[in-house]
Student: 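One structure, pasted below without further comment.
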Amino acid sequence: MADPASYRPQTGEIPTNPGVYRFRDPHGRVIYVGKAKNLRSRLNSYFANPAGLMPKTYAMVHTASSVEWTVVGSELESLQLEYTWIKEFAPRFNVMFRDDKSYPYLAVTMGEKYPRVQVLRGDRRKGTRYFGPYTAGAIRETMDTLLRVFPVRSCSAGVLKRAEASGRPCLLGYIDKCAAPCVGRISAEDHRALAEDFCTFMGGEAKPFVNRLEKEMAAAVAELDYERAARLRDDIVALKKVFERNAVVLAEGTDADVFALHEDELEAAVQVFHVRGGRIRGQRGWVVEKVEDSTTPELLEHLLQQVYGDEAGLQGRLPREVLVPAEPSNADELAQWLSGLRGARVDVRVPRRGDKAALLSTVRENAEHALKLHKSRRAGDLTMRSQALQELQEALELPVALLRIECFDISHVQGTNVVGSMVVVEDGLPKKSDYRKFSVTGAAATDDTAAMHDVLTRRFRHYLDEKAEHAAAAAKPARQAALEAATAAAVADSTTPAPRSKFAYPPNLVVVDGGKPQVNAAARALAELGVEDVYVVGLAKRLEEVWLPDSDFPVILPRASAGLYLLQRIRDEAHRFAITFHRQKRGKAMTVSALDGVPGLGASKRKALLAEFGSLKGIKAATAEELTGARGIGPSLAAAIVRHFDSGGAGAADEAVTVPAINMTTGEILET
């Protein structure tokens, strides 16, 4: 760990203006981004008494090796720049309210000939009416229930075309959950009226439909048509069920997101109720670790910044009111930023009394229960992960904590389509965004050890290249670095996706799938590159032995060891990832084209040739001048195609491809 005093800037060097600061680790990776009204006051708080910091803040300042800052003109600019950099760098020590889904909405595509009911996320589409947001389970249940009363089309365009061509409806048409306009059971006008009724009901006007169905049921009973009366009774029950599920909690026409949180010294649980038209349409929740000694207003600012900043196309979907338990820091700038996203005024308010305050209290109770449940569930998981990592570190006699582990595996069939995989585990949990795949060709594909050496060499060569780039950037004069940072801040745009680095920081431990030969090959690759701070082990499948480089005897971990179980899970995940990639590559290799051997002729140009000449025979018979008539085919490429066929290049492709024989009962590959 680094000593914060070794990189602490002089107090006089830090400006007193508002701005955004970044902490970097020894590999140049941004690990924390923050903003401050007074940069000097905020940064000095990190270095004045490091021992008195929060545990995670203490770990952050000791993990970092440098700090840099950018001065901005106002607090609104610092808010925008902070969000941009958090989105770009994904710092590991920032508070991250992680949610892998956008808002799901129930949508009716009124712009189509036959309107369709479906669940949509993301940007709004023209001519489509939206209702929600809902939770994923509730929206599917609501849609399924309403289709029995309002059998509006819900199939895709492809299914609709097939039904029109065949004259037979899809399954939903047969079970009466679609009026089947595709086969003429209902006219386009009547189907549109049905969709309008669906939208009217979803807009909150349920009473007229319930009353109408009750009258129809009474008439059916009077006519002794009890079967129809029973169906109408079930329809009424279904409508009331949906209507009661979305009970009115606020005044009609109220659109608001109600946030509440419950926190302790280390974590905070957040809950939000989405209220549209006075009804609760959905609920979401997060649990986050607190990095700094953050106050409730600061947590709320980060929450609103990330929740709404991650949503694309918010115009028309962000509510008029955002209700919070306390006023966020920089509340005026935050409201101004949200109004810009919505395209209309957004009020960020703290309800003090009345129905809104009562609903906020209910949301707060949900947050309290969510934090209790999270802690009770996580206690066992966190204890086992920590125990596994500690056991592994002690058994292998490693001097560093295993914060990051990378596992590598090689997959092939009789030396063909050789691929490698890299999976990553941080703090005992998989980090799938850092998984990588490698295609192994040439001499490296001769055997497993050569392939492992090649994969490790490529992975850590990228690391060394990125390390050299960071070192070169750090060596620039301070004035030039400040000018480049200011230029980057001026052109920063939160809607522009950040460039993704090929590899993250290096691991503490490399695990290879295999025994002594594979381990020695991996260790040799690291030694040739001069990488000395990464440890290597191998896990052999047969007896689950752990091998160290240049060791004559393996390390035997107890069968019930949590450390061995962790290694097995990492190895199995690497094997699964490698097998998946190998099958994809092998599937592509099994599709052979006579045009594959033409240099510079890709898939799109092959399609253009087939579209122009109709078949491979037509392409073979064409002259170079005729070939240039196809889109994207120039004179040089046309000449290459003619030479390819004149030299007999298609012969190999025309012959049968030799594939290893496989015993379909046992899966054994037979010798050919």
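We count residues from 1, following the sequence as given. Quantities reported herein were computed from a predicted structural model and do not represent experimental measurements.
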Student: Between Glu394, Gln387, Gln393, which is the residue that forms a side-chain contact (heavy atoms from CB on, under 4.5 Å) with Gln390?
Tutor: Glu394
Student: Kindly compute the distance separating CD (Gln305) from CG (Leu303), expressed to the nearest 0.5 Å.
Tutor: 10.0 Å
Student: Does some side-chain heavy atom of Glu68 sit less than 4.5 Å from a side-chain heavy atom of Arg24?
Tutor: yes
Student: Give the C-alpha distance, both sets of side-chain angles, the deciding distance and a yes or no for side chain to side chain contact (heavy atoms under 4.5 Å, CB included) between Val440 and Val455.
Tutor: CA-CA 8 Å; Val440 183; Val455 168; 3.9 Å; yes
Student: State, with a plain yes or no, whether a side-chain heavy atom of Val419 is found less than 4.5 Å away from one of Lys437.
Tutor: no
Student: Check whether any side-chain N or O of Asp3 sits under 3.5 Å from a backbone N or O of Ser6 as a donor-acceptor pair, and report yes or no.
Tutor: no
Student: Lys516: which residues meet the salt bridge (Lys or Arg N to Asp or Glu O under 4.0 Å) condition with it, sequence neighbours left out?
Tutor: Asp552
Student: A side-chain contact here means heavy atoms from C-beta on lying under 4.5 Å apart; do Leu261 and Trp286 qualify?
Tutor: no
Student: Taking C-beta and beyond as the side chain, do Arg42 and Lys37 meet within less than 4.5 Å on heavy atoms?
Tutor: no
Student: The criterion is side-chain hydrogen bond (donor to acceptor under 3.5 Å, both in side chains); which residues satisfy it with Asp447, sequence neighbours excluded?
Tutor: Thr449
Student: Is the backbone of Phe577 close enough, under 3.5 Å, to the side chain of Ser421 for a donor and an acceptor to pair up by distance?
Tutor: no
Student: Roughly how far, to the nearest 0.5 Å, is CG of Asn417 from NZ of Lys585?
Tutor: 6.0 Å
Student: Test your reading of the model: is there a side-chain donor-acceptor pair from Ser41 to the backbone of Asn38, 3.5 Å cut-off?
Tutor: no
Student: May I ask you to test the Leu456-Met452 pair for a side-chain heavy-atom distance under 4.5 Å?
Tutor: yes
Student: Hey, does Phe408 have a side-chain heavy atom less than 4.5 Å from the side chain of Val511?
Tutor: no
Student: Is it true that a side-chain atom of Asp513 and a backbone atom of Cys407 form a donor plus acceptor pair closer than 3.5 Å?
Tutor: no
Student: Give me the atom names and distance for the closest heavy-atom approach of Pro328 to Leu304.
Tutor: CG-CD1, 4.2 Å
Student: Look only at the side chain of Asp434 and the backbone of Val424, and say whether a donor-acceptor pair between them is shorter than 3.5 Å.
Tutor: no
Student: What residue among Leu389, Val425, Asn508 forms side-chain contact (heavy atoms from CB on, under 4.5 Å) with Leu403?
Tutor: Asn508
Student: Main chain of Tyr58, side chain of His62: is a donor-acceptor contact present, judged purely on distance under 3.5 Å?
Tutor: yes
Student: Please identify which of these residues, Val61, Asn44, Leu43, Val67, meets the side-chain contact (heavy atoms from CB on, under 4.5 Å) condition with Arg8.
Tutor: Asn44
Student: Quick one: does Leu564's side chain get under 4.5 Å of Gln568's, heavy atoms only?
Tutor: yes
Student: Report yes or no: is the cationic atom of Arg22 (NZ for Lys, CZ for Arg) closer than 6.0 Å to the six-membered ring centre of Trp85, at no more than 45° off its axis?
Tutor: yes
Student: Do side-chain atoms of His582 reach the backbone of Val418 as a donor and acceptor pair under 3.5 angstrom?
Tutor: no
Student: With Ser561, which residues qualify under side-chain hydrogen bond (donor to acceptor under 3.5 Å, both in side chains), at least two apart?
Tutor: Glu391
Student: Would you verify whether the NZ or CZ of Arg569 falls within 45 degrees of the ring axis of Tyr565 while also being under 6.0 Å from that six-membered ring's centre?
Tutor: yes
Student: For Val536 and Leu548, what are the C-alpha separation, side-chain angles and deciding distance, and is it a side chain to side chain contact (heavy atoms under 4.5 Å, CB included)?
Tutor: CA-CA 7 Å; Val536 182; Leu548 301 177; over 6 Å; no
Student: Hey, what do you get for CZ (Arg461) to CG (Leu464), rounding to the nearest 0.5 Å?
Tutor: 9.0 Å
Student: Less than 4.0 Å between a side-chain N and a carboxylate O, is that true for Glu13 and Arg40?
Tutor: no
Student: With Glu301, which residues qualify under side-chain hydrogen bond (donor to acceptor under 3.5 Å, both in side chains), at least two apart?
Tutor: Lys35, Ser329
Student: Mind telling me whether Phe23 and Tyr32 have parallel, tilted or perpendicular rings, with 30° and 60° as the class edges?
Tutor: tilted
Student: Keeping Asp25 on the side-chain end and Thr63 on the backbone end, is there a donor-acceptor pair under 3.5 Å?
Tutor: no
Student: Can Glu406 and Lys431 be counted as an ion pair, charged N to O under 4.0 angstrom?
Tutor: no
Student: After noting the C-alpha distance and the side-chain angles of Val555 and Glu545, does the key distance pass the side chain to side chain contact (heavy atoms under 4.5 Å, CB included) rule?
Tutor: CA-CA 6 Å; Val555 176; Glu545 302 165 334; over 6 Å; no
Student: Of all heavy-atom pairs between Ala540 and Gly515, which one has the smallest distance, and what is that distance?
Tutor: CB-CA, 4.2 Å
Student: Heavy atoms only: give me the nearest Leu601-Arg606 pair and the separation to one decimal.
Tutor: O-NH1, 3.4 Å
Student: Might you point out which heavy atoms bring Leu557 and Gly563 nearest each other, and give the distance in Å?
Tutor: CD1-C, 4.4 Å
Student: Would you say the side chain of Val400 lies within less than 4.5 Å of the side chain of Tyr535, judging by non-hydrogen atoms?
Tutor: yes
Student: Check whether the side chains of His412 and Asp448 place a donor and an acceptor atom closer than 3.5 Å, and report yes or no.
Tutor: yes
Student: Going by ring-ring contact (aromatic ring centres under 6.0 Å, His included), name the residues that satisfy it together with Tyr7, two or more places apart in sequence or in a different chain.
Tutor: Phe47
Student: Can you name the nearest heavy-atom pair linking Ala268 to Leu299, along with the distance?
Tutor: CB-CD1, 4.1 Å
Student: Just grab all the side-chain hydrogen bond (donor to acceptor under 3.5 Å, both in side chains) pairs involving residues 572-581, residues at least two apart or on different chains.
Tutor: Asp409-His575, Tyr435-Glu573, Glu573-Arg576
Student: Given Val534 and Leu509, is the side chain to side chain contact (heavy atoms under 4.5 Å, CB included) satisfied, shown in steps?
Tutor: CA-CA 6 Å; Val534 176; Leu509 177 68; over 6 Å; no
Student: Kindly give the heavy-atom pair with the smallest separation between Gly632 and Leu637, and that separation in Å.
Tutor: O-CD2, 4.3 Å
Student: Distance check, rounded to the nearest 0.5 Å: Leu539 atom CG versus Gln518 atom CD?
Tutor: 11.5 Å
Student: Can you tell me how far the CG atom of Leu341 sits from the OH atom of Tyr308, to the nearest 0.5 Å?
Tutor: 10.5 Å
Student: As an exercise, state the distance from CG of Leu567 to CG of Leu392, rounded to the nearest 0.5 Å.
Tutor: 4.5 Å
Student: Would you confirm whether Thr457, through its side chain, and Ala525, through its main-chain N or O, come within 3.5 Å as a donor-acceptor pair?
Tutor: no
Student: Taking the six-membered ring for Trp, are Phe581 and Phe438 closer than 6.0 Å centroid to centroid?
Tutor: no
